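Before any comments, here is the structure.
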Amino acid sequence: MRTSLLMQLKKINTALPGLLFGMILFGIICQAAGFFLVEDKADYSKGLWIGVLTGIFMAFHMAISINSAVERDVKGAQAAATRQNIIRYLVVVIILGILMITRVGNPLAAFAGIMGLKISAYLQPLLRKLSRPKEKNKMESVKTE
């Protein structure tokens, strides 16, 4: 089951599984830090995980948008990419606005969760590099047998 989900994510975009893993890991680290640093832990947790889920939505939307844009000509791809970027950022503004108005969760924690997408994107080459030696060792042991 897990490998089929991983393969489906890789079909959408090869970077997507690592990006999602990094975002969830970032959310867990922020949750642990918030346990010690914030007074209203429930508000912080709700905001953080709303932000992480928003970042996950953004990652999926971005991957699908990129796949759609590369199938178009240059002008069509630029217009489609711009339109999809605007949609993504409007969703972020709406979600943060709802959090500020309703106080369902902490909007700053939600922003931190959304920034997990950026952190994960920057750390993805490092995470990929750290996971490669294990794959190489497996391949070498298979070759020698």
Side-chain angles (χ1 to χ4, degrees), residues 1-35 37-38 40-140 142-143:
M1 179 73 177
R2 189 178 80 165
T3 55
S4 64
L5 177 63
L6 187 62
M7 295 308 286
Q8 289 175 349
L9 290 174
K10 283 185 177 182
K11 280 184 186 177
I12 296 172
N13 187 306
T14 57
L16 193 57
L19 196 61
L20 296 177
F21 173 74
M23 291 171 57
I24 292 170
L25 181 64
F26 179 77
I28 291 169
I29 291 168
C30 285
Q31 182 69 52
F35 182 73
L37 300 175
V38 296
D40 190 357
K41 292 170 183 32
D43 192 45
Y44 173 81
S45 291
K46 286 187 270 184
L48 175 67
W49 290 105
I50 288 170
V52 170
L53 290 175
T54 303
I56 289 172
F57 158 77
M58 291 175 68
F60 273 105
H61 188 265
M62 197 178 324
I64 292 167
S65 299
I66 289 170
N67 289 344
S68 173
V70 297
E71 296 173 353
R72 301 172 187 248
D73 64 338
V74 174
K75 286 185 181 181
Q78 288 175 341
T82 301
R83 191 171 45 253
Q84 297 305 320
N85 284 339
I86 291 170
I87 290 170
R88 260 193 312 280
Y89 287 113
L90 275 175
V91 167
V92 169
V93 168
I94 289 169
I95 287 175
L96 290 176
I98 289 170
L99 287 175
M100 283 188 261
I101 292 169
T102 64
R103 298 299 300 165
V104 170
N106 186 326
L108 290 175
F111 182 74
I114 293 167
M115 287 298 106
L117 175 62
K118 302 290 185 188
I119 303 280
S120 180
Y122 288 129
L123 291 179
Q124 189 169 7
L126 176 66
L127 293 174
R128 202 172 215 178
K129 193 175 189 179
L130 291 174
S131 70
R132 292 238 177 202
K134 293 177 185 175
E135 292 174 10
K136 275 188 176 180
N137 291 338
K138 286 180 185 177
M139 293 304 289
E140 288 173 5
V142 170
K143 287 180 185 178

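One-based numbering along the sequence shown. Just so it is clear, the structure is predicted and the values come from calculations on it, not from any experiment.
To the nearest 0.5 Å, atoms CG (Leu48) and CG (Asp43) are separated by 11.5 Å. The distance from atom OG1 of Thr54 to atom CG of Leu117, rounded to the nearest 0.5 Å, is 10.5 Å. The distance from the CG atom of Asp40 to the CZ atom of Arg103 is 8.5 Å, given to the nearest 0.5 Å.
Considering only residues two or more places apart in sequence or on other chains, Gln31 meets the side chain to side chain donor-acceptor pair (under 3.5 Å) condition with Ser45, Trp49.
When all heavy atoms are compared, the tightest approach of Ser120 to Gly22 is OG-CA, 3.3 Å. In terms of heavy atoms, Ala59 sits closest to Leu19 at CB-CD2, 3.8 Å. Minimum heavy-atom separation, Leu96 to Ala110: CD2-CB, 3.9 Å. In terms of heavy-atom proximity, Ser65 sits nearest to Arg88 at OG-NH1, 3.7 Å. Across every non-hydrogen atom of Met23 and Gly55, the tightest pair is CE-C, 2.9 Å.
Residues Phe57 and Leu53 fail the side-chain proximity criterion, which asks for heavy atoms closer than 4.5 Å. By the 4.5 Å heavy-atom criterion applied to side chains, Val104 and Ile98 are not counted as neighbours. At a threshold of 4.5 Å between non-hydrogen side-chain atoms, the residues Leu99 and Asn106 do not count as touching. With a 4.5 Å cut-off on side-chain heavy atoms, Ile66 and Gln84 do not count as touching. Put simply, the side chain of Val91 does not reach to within 4.5 Å of the side chain of His61, judged on heavy atoms. Side-chain atoms of Phe26 and Val52, non-hydrogen and from C-beta on, never get closer than 4.5 Å to each other. Using a 4.5 Å cut-off on side-chain heavy atoms (C-beta onward), Cys30 and Tyr44 make contact.
Between the Thr82 side chain and the Gln78 main chain, a donor and an acceptor come within less than 3.5 Å of each other.
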